[in-house]
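Chain A is the first sequence line, chain B the second, and so forth, proteins listed ahead of strands; every chain is numbered from 1.
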Protein chains: 2
Amino acid sequence: MAREKIQIRKIDNTTARQVTFSKRRRGLFKKAEELAILCDAQVGLIIFSSTGKLFEYSSTR
Amino acid sequence: MAREKIQIRKIDNTTARQVTFSKRRRGLFKKAEELAILCDAQVGLIIFSSTGKLFEYSSTR
DNA sequence: CAGCCTATTTATAATTT
DNA sequence: TAAATTATAAATAGGCT
């Protein structure tokens with residue numbers, strides 16, 4: 001999306017991949033929360049990074 | 001986001017809420033898949049609409 | 001490294017068909 | 001009303017600090 005258009009395939013460079021993971025993970029969580037609020041939906045999101053670390057989101061009920 | 005900026009709170013109008021749900025649900029699934037591919041992560045996403053309908057995504061392993 | 005910057009791509013709210 | 005359009009808000013890739 002930004003300075004250059006990218007292809008959707010695994011990012012080879014480890015550092016770049018971790019940076020993108022952090023940025024996009026935050027964006028995904030934000031979008032999940034917005035959907036839950038705007039549309040009164042229940043949303044659960046679980047992510048395991050390539051290093052096995054867990055991240056999760058759930059819209060509270 | 002688009003023609004006008006909106007506030008993130010429950011959309012009162014039922015029809016408008018359903019339209020937004022369909023559009024944003026697709027966007028969220030797309031972003032989830034992109035994160036999984038770009039960053040080699042495992043992602044699971046589960047959504048229950050306000051009418052109780054289930055939608056889910058999982059990055060295949 | 002964790003954040004900031006910003007040009008550009010992408011998502012999407014309102015409108016039109 | 002569902003689908004397409006389009007103007008604009010939002011996300012973000014690469015660079016910099």
Side-chain angles (χ1 to χ4, degrees):
Chain A
M1 295 116 182
R3 296 303 181 109
E4 274 180 27
K5 182 173 180 174
I6 61 162
Q7 299 306 309
I8 302 303
R9 61 186 193 77
K10 179 178 173 180
I11 297 169
D12 293 321
N13 183 278
T14 303
T15 303
R17 189 166 66 244
Q18 291 176 341
V19 169
T20 293
F21 180 72
S22 294
K23 289 181 177 180
R24 281 180 171 256
R25 175 169 42 77
R26 277 184 241 164
L28 192 61
F29 282 152
K30 184 177 181 183
K31 289 278 193 189
E33 180 163 47
E34 290 182 351
L35 180 66
I37 294 171
L38 287 168
C39 304
D40 197 30
Q42 290 171 276
V43 180
L45 176 56
I46 186 165
I47 304 173
F48 286 98
S49 71
S50 57
T51 59
K53 192 168 180 179
L54 169 68
F55 299 90
E56 55 190 324
Y57 164 80
S58 77
S59 57
T60 47
R61 284 298 110 191
Chain B
M1 295 113 183
R3 297 302 184 105
E4 273 180 30
K5 180 173 181 174
I6 61 161
Q7 298 306 309
I8 302 302
R9 61 187 193 75
K10 180 178 173 180
I11 297 168
D12 292 322
N13 183 277
T14 304
T15 303
R17 189 167 66 246
Q18 290 175 342
V19 170
T20 294
F21 180 72
S22 294
K23 290 181 177 179
R24 281 182 171 255
R25 174 169 43 77
R26 279 183 235 165
L28 191 62
F29 283 152
K30 185 178 180 183
K31 290 276 193 188
E33 181 162 46
E34 290 182 350
L35 180 67
I37 295 171
L38 287 169
C39 304
D40 197 30
Q42 290 170 276
V43 180
L45 176 56
I46 185 165
I47 303 173
F48 286 99
S49 71
S50 57
T51 58
K53 192 169 180 180
L54 170 67
F55 300 89
E56 56 190 324
Y57 164 80
S58 77
S59 56
T60 47
R61 285 297 109 191

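Residues A:Leu28 and B:Leu45 have side chains not in contact (no heavy-atom distance under 4.5 Å, counting atoms from C-beta outward). Residues A:Gln18 and A:Thr14 are in side-chain contact: their nearest non-hydrogen atoms beyond the backbone lie under 4.5 Å apart. Within the 4.5 Å cutoff, the side chain of A:Ile11 has no heavy atoms near those of the A:Phe21 side chain. Considering only heavy atoms from C-beta on, A:Ile47 comes within 4.5 Å of A:Phe29 through its side chain.
Atom pair B:Ile8:CD1 and C:dA11:P shows a separation of 16 Å (rounding to whole Å applied). Nucleotide D:dT12 holds its C1' atom 11 Å from the CG atom of B:Leu38, rounded to whole Å. Between A:Glu33 atom CD and D:dA10 atom P the separation is 15 Å, expressed in whole Å. Atom-to-atom, CZ of B:Arg26 to P of C:dT12 comes out at 11 Å; the value is rounded to the nearest Å. Protein atom CZ of B:Arg17 is 15 Å distant from nucleotide atom P of C:dA14, rounded to whole Å. When rounded to the nearest whole Å, the span between CD of A:Glu34 and P of D:dA9 equals 15 Å. For the pair A:Lys5 NZ and D:dA13 P, the interatomic distance rounds to 13 Å; values are reported in whole Å. Here the P atom of nucleotide D:dA11 and the CG atom of B:Leu35 are 15 Å apart, to the nearest Å.
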**Study point:** Residues B:Ile6, A:Leu38; criterion side-chain contact (heavy atoms from CB on, under 4.5 Å); working and verdict
**Key:** CA-CA 10 Å; B:Ile6 61 161; A:Leu38 287 168; 3.9 Å; yes
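In this structure, A:Lys30 reaches the D:dA11 phosphate: one of its side-chain N or O atoms is under 4.0 Å from OP1 or OP2.
For the helix from C:dA2-D:dT17 to C:dT17-D:dA2, the rotation axes defined at the first and last 5 base pairs enclose an angle of 30°, given to the nearest 10°.
Without hydrogens or angle criteria, B:Arg9 side chain to A:Ile37 main chain gives no donor-acceptor distance under 3.5 Å.
Side chain A:Arg24 to base D:dT12: no donor-acceptor pair is found below 3.5 Å. One cannot find a donor-acceptor pair under 3.5 Å joining the base of C:dG3 and the side-chain atoms of A:Lys23.
Counting only heavy atoms from C-beta on, A:Lys31 has its side chain closest to C:dT12 among C:dT10, C:dT12, D:dT12. Taking every side-chain heavy atom of A:Thr15 into account, C:dC1 is the closest of D:dT1, C:dC1, C:dA11. Comparing atom distances between the B:Arg3 side chain and each of C:dT6, C:dA14, C:dT10 picks out C:dA14 as nearest.
To the nearest 0.5 Å, atom CZ of residue B:Arg26 and atom CZ of residue B:Phe55 are 10.0 Å apart.
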